[in-house]
**Q** 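Let me begin by handing over the structure; questions about it come next.
Because the structure is a prediction, the values reported are computed rather than measured. Counting from 1, the numbers follow the sequence of the chain as shown.
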Amino acid sequence: MTNTTRKIIYYLILLPLLNACHQHEKTNLFSLGMNEPIDSLINFDDSVYIGVETAEYPYSLLLSVENAKNYRFGAQNLKNQRIYFLVKSEVLKTDSITRFGGAHIDMVTLRDGQMLKKMLTNYRADNEIYGVRIEMNSQILKENILKEIELKHGQGIKNPNTDNGLYWKVEDESKFIFYAPDYGRLIIINYRNNSEKCYWDNMNGFIDFGGCDKEAYFKELLKNSTKPEDVSNKPAITINKDWNFNDFKLGKTNENEFLRSKYSKDFESLKDLNSAEMIYQDRYHDIYFFFNDLENQSHNRLKGYSLGDFRKTKISFENGLKPGMTMEDAIKLFDRNIIKNYEGLSISDYIELVHPPYKITLQFGDSQLFSGMYVTQEN
């Protein structure tokens, strides 16, 4: 055997080992303390976004990784799943960010460390995470993740707010684990610098771990909100029988017409990357308009609007609705056939009306009083 042949054989033997050494070790999300520096967890070569996604969680800054190929949960591969790292942000402790009619997304591509630093400064956010939200988009992954958790922490406690949800309080790690298969999510947070007695999100509902002061908990989440009684220059709004907003007509008023109106001076614009919408927002009065996002503004039609808190406006309705009326009285105004969630009204804090091609959602507060609404164009 010649020296050349011998070198080739050695190289072929060593090649798999060399490749293994160069492969990136996947980050095990199950082993994190949920207090790691952000830049130690993300790879700017991945598809990473930073910003607000209210369907996931409205009160924290989120970093979204679209394809979590560089992450795992125990032995479970998370390729093709989406994950969100949660970061504390003082700016987002307000009710305004939730007033977009359901899910509002305002996220931008995170390019590099300089941009990360700038975004953290803008949002007055920490430079470390306190939690993670993991997408589970297959039944097999849901089952395997549950086995991983139960193997380490035993049986979970049934979440009374969902059909199949479970949760764990892991005291020696200062963690909450929320398994929400109905929504395809696993959520882990470090509660050391959060509440260890209360928890809420829109996929798990409200959970009292014992001794929770619910009022104080939500007061902290909303501590930067504008008090309705302190709002000035309340705009006059009339909602007609076709659910049009003053002179703005659903599906007809275009973006140019809105910009020429007297209302536009109080609004700022932003683009919703996921839904290809142009949003005009007046955070001070909790008013939001949704338009198509096309190059020609005259083609961008009004798709819907949101009113987060009637107390910040002077609003009237032509169909009999009144701000502050009870949910029971509001139900009487509509034929049950157009109430989409009629069967579930006894456990709901909203009424969902069918008005093709739009969906009208009337929102009722803790006292079941009419407090807000949003109109969205159904796909």
**Q** Is a side-chain donor-acceptor pair under 3.5 Å present for N137 with Q81?
**A** yes

**Q** State plainly whether the residues K249 and D242 are in salt-bridge range, i.e. N to O under 4.0 Å.
**A** no

**Q** So that I can tick it off, tell me whether R192 and E173 are bridged by a salt bridge, with the cut-off set at under 4.0 angstrom between side-chain N and carboxylate O.
**A** no

**Q** Under 30°, 30 to 60°, or over 60°: which ring-plane class applies to W200 and Y59, parallel, tilted or perpendicular?
**A** tilted

**Q** Answer yes or no: is there an ion pair linking E343 with R336, defined by an N-O contact shorter than 4.0 Å?
**A** yes

**Q** Take F290 and Y288 through the test ring pair (Phe, Tyr, Trp, His ring centres under 6.0 Å) and record every step on the way to the result.
**A** CA-CA 7 Å; F290 311 100; Y288 305 89; 7.1 Å; no

**Q** Please enumerate all residues that pass side-chain contact (heavy atoms from CB on, under 4.5 Å) together with D46, with sequence neighbours excluded.
**A** N43, V48, V65, K69, N70, Y71

**Q** Are side-chain heavy atoms of P235 and I287 found at a separation under 4.5 Å?
**A** yes

**Q** Do the numbers put K303 on top of the ring of F291, so that NZ or CZ is under 6.0 Å from the six-membered ring centre and no more than 45° off the axis?
**A** no

**Q** Specify the closest pair of heavy atoms between G165 and P181, including all atoms of both residues, with the distance to one decimal.
**A** CA-CD, 4.1 Å

**Q** Give a yes or no on whether the backbone of R185 and the side-chain of K142 come within a donor-acceptor separation of less than 3.5 Å.
**A** no

**Q** Report the residue from T121, I38, N127 that forms a side-chain contact (heavy atoms from CB on, under 4.5 Å) with L116.
**A** I38

**Q** Check the pair Y199, Y217 against ring pair (Phe, Tyr, Trp, His ring centres under 6.0 Å), reporting the backbone distance first and the verdict last.
**A** CA-CA 8 Å; Y199 181 80; Y217 173 70; 7.6 Å; no

**Q** With side-chain contact (heavy atoms from CB on, under 4.5 Å) as the test, would you mind laying out the steps for F310 and M373 before giving the verdict?
**A** CA-CA 9 Å; F310 293 150; M373 65 178 292; 3.9 Å; yes

**Q** Evaluate F370 against Y350 for ring pair (Phe, Tyr, Trp, His ring centres under 6.0 Å), listing each step before the verdict.
**A** CA-CA 9 Å; F370 187 31; Y350 64 93; over 10 Å; no

**Q** Take F289 and F258 through the ring pair (Phe, Tyr, Trp, His ring centres under 6.0 Å) test and state the conclusion after the steps.
**A** CA-CA 9 Å; F289 290 104; F258 170 76; 5.2 Å; yes

**Q** Salt bridge check: are K93 and E90 linked by an N-O gap of less than 4.0 Å?
**A** yes

**Q** Check the side chains of Y280 and E255 for a donor-acceptor pair under 3.5 angstrom, ignoring hydrogens and angles.
**A** yes

**Q** Write down the atom of V87, the atom of A125, and the distance for their closest heavy-atom approach.
**A** CG1-CB, 4.0 Å

**Q** Is a donor on one side and an acceptor on the other found under 3.5 Å between the side chain of E318 and the backbone of T238?
**A** no

**Q** Considering residues at least two apart in sequence or located in another chain, which fulfil the side-chain contact (heavy atoms from CB on, under 4.5 Å) criterion with E66?
**A** S47, Y49, S64, R82

**Q** Could you pull out the closest heavy-atom pair between F44 and R111, with the gap in Å?
**A** CB-O, 3.6 Å

**Q** For the residue pair N161 and N159, confirm or rule out a side-chain donor-acceptor distance under 3.5 Å.
**A** yes

**Q** Between Y84 and S60, does any side-chain donor sit less than 3.5 Å from a side-chain acceptor?
**A** no

**Q** Side chains of N164 and D182: donor-acceptor distance under 3.5 Å anywhere?
**A** yes

**Q** Which of these passes ring-ring contact (aromatic ring centres under 6.0 Å, His included) with Y305: W243, F245, F248?
**A** F245

**Q** Is the shortest distance from a Lys or Arg side-chain nitrogen in K88 or E128 to a carboxylate oxygen in the other one below 4.0 Å?
**A** no

**Q** Give me the atom names and distance for the closest heavy-atom approach of L321 to N319.
**A** N-OD1, 3.2 Å

**Q** Looking at F30 and G74, what are the two nearest heavy atoms and their distance?
**A** CB-N, 3.8 Å

**Q** Do K312 and D309 sit within salt-bridge range, that is, some charged N less than 4.0 Å from a carboxylate O?
**A** no

**Q** Can any side-chain N or O of N244 pair as donor or acceptor with the backbone N or O of L250 at less than 3.5 Å?
**A** yes

**Q** Find out if a path of hydrophobic residues (ILVMFWY) with successive side-chain heavy-atom gaps under 4.5 Å connects I157 to Y183.
**A** no

